[in-house]
Structure formats: structure tokens, C-alpha cells
Amino acid sequence: FREGLVTGEGAAATAAQLRLAASGPSGEARWSALAAGFEAALKASAGRRLAVLVVGAAPSALLDRIAAAGVTECVVSDPDPRRVRALEVGDAERPGVAYAALDAIAEGPRFDLALVGDALARAAATDLAELRRRMAPGAALVAVEEAPSLAADLVEGVAADWWAETLDPALPLGRLREGTDWAAALGEAGFEGAEARALASAEAQAALILAAAPAAVSAVASDAAAAE
């Protein structure tokens with residue numbers, strides 16, 4: 001799998017593998033919530049500019065829909081640049097859809113909407129601050145994250161970094177968190193009004209997290225406070 005992140009055919013196979021989590025009933029329910037968030041933002045934009053940042057391995061159908069909607073721009077990203085490269089190489093070319101690692105996107109108030117799917121678990125606190133700095137004032141963030149589970153720990157726990165937050169070996173802590181924890185992390189990164197609720201789905205045990213980018217002056221104050 002990791003060797004497939006490098007070139008050509010392997011990268012294409014990896015792109016398909018990255019989307020497996022979105023292909024079953026649970027994954028489809030999570031990304032359907034993000035698709036609904038996009039439709040709501042598109043309607044609210046009423047023909048005005050709408051620049052969209054998609055963080056995570058979004059299903060092809062959602063990217064097709066965003067491209068067909070004629071948004072100002074759409075960038076597919078991820079905290080892990082290897083995943084971005086795999087998706088870029090493996091995906092069909094879509095007009096208006098670009099790919100870039102989060103830290104490779106130029107800083108500035110650029111995006112009006114961020115759709116984040118099963119990606120917060122790979123994001124460090126610095127990644128969340130990087131994300132916020134690329135959001136336009138008042139821009140919406142809609143995230144859906146799988147709830148912690150033994151199944152996820154068994155599948156993902158073969159990688160040592162899955163347990164990076166563990167403080168006590170007797171109480172191993174995986175990367176997945178409750179929605180309230182993600183809302184708190186977004187608040188610490190400078191987002192405003194962060195809240196979490198259980199995803200309304202019988203198919204998925206997941207949290208829907210909503211937040212907004214602050215006014216520019218608040219963002220500067222948040223950066224200053226973080227540097228102290």
C-alpha cells in the first residue's frame with residue numbers, strides 16, 4: 001500500500017483504496033452529509049463566488065457534482081501530501097478541480113466552504129490552524145468524522161502513529177475522537193461557533209461538526225495567542 005503512493009499504476013490503485021472507506025453504507029452516509037452541506041452552500045451563494053476546499057478522499061460523484069456546479073474553484077487536499085498525490089494521479093481530470101497538499105496552498109482568505117471527510121484524525125493542531133488561515137472570513141466548515149471504535153483501532157492500529165496520542169500504554173488511544181473533541185480542537189485553532197452532533201444516520205456511527213472561520217482581526221489575535 002505505501003509503495004503504491006509513488007507512481008503511475010500504484011498511485012491509481014491507491015486512490016481507489018483511499019475511497020474504500022466511502023464506498024460502504026457507513027462511508028456513503030458520512031459523505032452524503034457533506035454533499036448536502038455543499039448543496040446548501042451552493043444555494044446560499046445565489047450565483048456569487050463559491051470557492052470550495054475538499055479535505056479527504058471524497059467520492060468521485062461528489063467531485064463531479066462540484067465541478068458541474070461551476071464553482072469559482074475547487075481544491076482537493078489532505079493533511080497527508082502522499083494522499084493528495086495518490087488522488088491526483090488516480091482521478092480523472094475534472095475542469096476546475098485542482099489538487100494540493102494543505103501546506104502547499106498559499107495562505108490567505110481563499111475558500112468560502114471547507115468539506116472535511118474523515119480527515120481530522122490525520123490533522124495536527126498546526127494543520128487545523130493552516131486550514132483556518134486559508135478560509136475567507138465567515139466561511140463555513142462542515143466535517144464528518146467516524147466515531148471511535150474497536151474495529152477502526154484493529155484495522156488502523158497496525159501503524160504506530162495511530163497511537164501517537166497515547167500517554168499511558170495501559171490505556172491506548174487511537175486517532176479517532178468524539179465529535180465534541182473535534183469541535184474543541186477547531187475552536188483552539190481559531191474557528192468560531194464550533195459544534196458537534198451525532199450524524200442522523202442509521203448506517204453510520206459518526207459526528208457532524210460545524211464551524212466558521214472568524215473575522216480577519218480575530219484570526220490574527222488567535223495566531224498571536226497561539227504563539228505566546
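Residues L53 and S77 meet the side-chain proximity criterion, which asks for heavy atoms closer than 4.5 Å. Contact of the P109 side chain with the P137 side chain is registered, since non-hydrogen atoms from C-beta on lie closer than 4.5 Å. Side-chain contact between R110 and E73 is present, with heavy atoms from C-beta onward closer than 4.5 Å.
In this structure, CZ in R30 is found 12.5 Å from CG in L208, a value given to the nearest 0.5 Å. With rounding to the nearest 0.5 Å, the separation of CG in D103 from CG in D127 is 7.5 Å. Atom CD1 of residue I209 and atom CZ of residue R197 lie 10.5 Å apart, to the nearest 0.5 angstrom.
A side chain to side chain contact (heavy atoms under 4.5 Å, CB included) with W182 is found for exactly one of V116, V144, L120, namely L120.
R83 places no side-chain N or O within 3.5 Å of a backbone atom of G56 that could act as its donor or acceptor partner. The backbone N or O of A140 sits nowhere less than 3.5 Å from a side-chain atom of D112 that would complete a donor-acceptor pair. With hydrogens and angles ignored, the 3.5 Å screen pairs no side-chain donor or acceptor of T72 with any backbone N or O of R49. Side-chain atoms of R134 come within 3.5 Å of backbone atoms of I105 as a donor-acceptor pair (strictly under, hydrogens ignored). Listed for the E195 side chain is no donor-acceptor partner under 3.5 Å among the backbone atoms of L210.
When the shell of 6.0 Å around CD of E93 is examined, it contains 12 or fewer heavy atoms from other residues, nucleotides or ligands.
Classification of K43 and E39 as a salt-bridged pair fails, no side-chain N sitting under 4.0 Å from a carboxylate O. The pair D80-R85 does not meet the salt-bridge criterion, since no charged nitrogen lies less than 4.0 angstrom from a carboxylate oxygen.
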Please lay out, stage by stage, how V76 and V84 fare under the test side-chain contact (heavy atoms from CB on, under 4.5 Å).
CA-CA 7 Å; V76 177; V84 178; 5.9 Å; no

Stepwise side-chain contact (heavy atoms from CB on, under 4.5 Å) test for V52 and F111
CA-CA 6 Å; V52 182; F111 297 102; 5.8 Å; no

